[in-house]
Participant: 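Would you mind keeping the following structure in view while I ask a few things?
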Amino acid sequence: KQEVTQIPAALSVPEGENLVLNCSFTDSAIYNLQWFRQDPGKGLTSLLLIQSSQREQTSGRLNASLDKSSGRSTLYIAASQPGDSATYLCAVMLSNTGKLIFGQGTTLQVKP
Amino acid sequence: GAGVSQSPRYKVAKRGQDVALRCDPISGHVSLFWYQQALGQGPEFLTYFQNEAQLDKSGLPSDRFFAERPEGSVSTLKIQRTQQEDSAVYLCASSFAGLAGDTQYFGPGTRLTVL
């Protein structure tokens with residue numbers, strides 16, 4: 001059974017810091033891996049999607065990497081801002097039907 | 001519409017009541033997913049539709065949970081005889097085709113509280 005784990009569960013940093021969120025998964029047979037952002041009381045917003053054949057994706061200050069063989073992904077956030085404060089969720093897609101298996105999330109607080 | 005919408009946004013039910021949660025996906029999206037998110041946890045898959053066909057319901061926790069999408073657009077998740085452990089946020093997502101490269105667009109969720 002695929003399990004997705006995110007470390008740390010919570011993180012608090014001062015504004016301007018670069019930071020890394022970690023995600024690990026137990027079964028390397030994935031179609032893709034996605035990072036989502038969730039704000040309180042709101043749905044999930046897709047940030048980055050990495051196909052199983054790719055190693056990384058970048059969008060603005062965000063960079064996500066994927067090492068399928070070791071079952072790990074990282075989300076790098078550069079020059080963090082208070083507006084980045086949210087819960088970040090990692091999810092793997094097991095098959096081409098789109099079913100996602102999520103980690104528990106990392107709650108990030110960026111202090112001004 | 002511009003995005004996935006869900007109604008109601010909040011629902012309080014007494015234990016034993018039946019509830020119905022509605023999801024309006026993005027127009028033209030073939031695939032629709034339901035997830036359950038308990039407090040402090042990540043979402044957990046419940047069920048998946050491709051058009052009106054329910055192709056995977058492996059995540060439904062019990063036979064009290066039932067989902068339908070009769071015309072391949074709007075979907076309803078029904079929970080019969082609600083229990084306290086059903087309290088959670090129920091998220092709906094849609095994607096154009098549901099394939100590996102498709103982005104899933106999530107609605108704001110329905111927060112269900114069972115007293």
Side-chain angles (χ1 to χ4, degrees), chain A residues 1-10 21-25 29-54 57 59 64 66 68 73 75 86-107, chain B residues 1-10 21 23-26 29-51 53-60 88-111:
Chain A
K1 178 185 176 185
Q2 176 74 265
E3 292 183 1
V4 181
T5 304
Q6 291 187 246
I7 295 174
L21 307 182
N22 296 292
C23 172
S24 62
F25 47 96
I30 63 170
Y31 270 62
N32 65 39
L33 182 143
Q34 296 183 58
W35 284 92
F36 291 87
R37 169 184 174 138
Q38 185 172 33
D39 293 282
K42 297 190 177 179
L44 280 64
T45 300
S46 179
L47 298 173
L48 291 165
L49 184 154
I50 312 176
Q51 301 291 357
S52 61
S53 58
Q54 297 175 323
Q57 282 286 340
S59 176
L66 173 64
K68 211 172 71 159
S73 175
L75 178 66
T87 296
Y88 290 81
L89 292 156
C90 160
V92 297
M93 186 177 292
L94 298 184
S95 67
N96 63 0
T97 63
K99 174 180 176 179
L100 294 173
I101 306 297
F102 284 87
Q104 294 179 313
T106 294
T107 299
Chain B
V4 178
S5 60
Q6 294 185 246
S7 60
R9 291 293 315 278
Y10 303 91
L21 312 180
C23 172
D24 286 78
I26 294 173
H29 278 195
V30 168
S31 297
L32 186 145
F33 306 82
W34 283 99
Y35 294 87
Q36 179 190 58
Q37 186 174 24
L39 189 64
Q41 304 294 316
E44 292 194 359
F45 171 82
L46 294 177
T47 187
Y48 155 66
F49 290 86
Q50 190 167 71
N51 295 307
Q54 188 175 20
L55 299 186
D56 187 343
K57 55 182 181 179
S58 62
L60 296 177
V89 175
Y90 291 85
L91 295 166
C92 174
S94 71
S95 67
F96 181 68
L99 299 179
D102 285 350
T103 296
Q104 290 187 23
Y105 296 88
F106 281 78
T110 294
R111 180 177 297 277

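Convention: sequence-line order gives letters A, B, ...; per-chain numbering from 1.
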Participant: Return yes when atom NZ of A:Lys68 has more than 12 non-hydrogen atoms of other residues, nucleotides or ligands closer than 6.0 Å, and no otherwise.
Facilitator: yes

Participant: Under the side chain to side chain contact (heavy atoms under 4.5 Å, CB included) rule, collect the residues that match up with A:Lys42, sequence neighbours excluded.
Facilitator: A:Asp39

Participant: Taking C-beta and beyond as the side chain, do A:Leu100 and B:Phe33 meet within less than 4.5 Å on heavy atoms?
Facilitator: no

Participant: How far does CZ of B:Phe106 sit from CZ of A:Phe36, to the nearest 0.5 angstrom?
Facilitator: 4.5 Å

Participant: To the nearest 0.5 Å, what is the distance between CD on B:Gln37 and CD on A:Gln38?
Facilitator: 4.0 Å

Participant: Heavy-atom distance under 4.5 Å to chain B: side chain of A:Leu89, backbone, both or neither?
Facilitator: side chain

Participant: Which heavy-atom pair separates A:Ser46 from B:Thr103 by the least distance, and what is that distance?
Facilitator: CB-CG2, 3.7 Å

Participant: Counting only heavy atoms closer than 4.5 Å, note whether B:Ser58 contacts chain A via side chain, backbone, both or neither.
Facilitator: side chain

Participant: Under 4.5 Å from any heavy atom of chain A, what part of B:Tyr105 do you find: side chain, backbone, both or neither?
Facilitator: neither

Participant: Against chain A, label B:Arg111 side chain, backbone, both or neither, depending on which of its atoms sit under 4.5 Å from a heavy atom there.
Facilitator: neither

Participant: Can you give me the closest heavy-atom contact between B:Leu91 and A:Gly43, atom names plus distance?
Facilitator: CD2-CA, 4.4 Å

Participant: With sequence neighbours left out, write down each residue that passes side-chain hydrogen bond (donor to acceptor under 3.5 Å, both in side chains) with B:Glu44, or none if nothing qualifies.
Facilitator: none

Participant: Tell me which of these, B:Gly40, B:Pro43, B:Cys92, B:Gly42, has more heavy-atom pairs under 4.5 Å with chain A than the rest.
Facilitator: B:Pro43

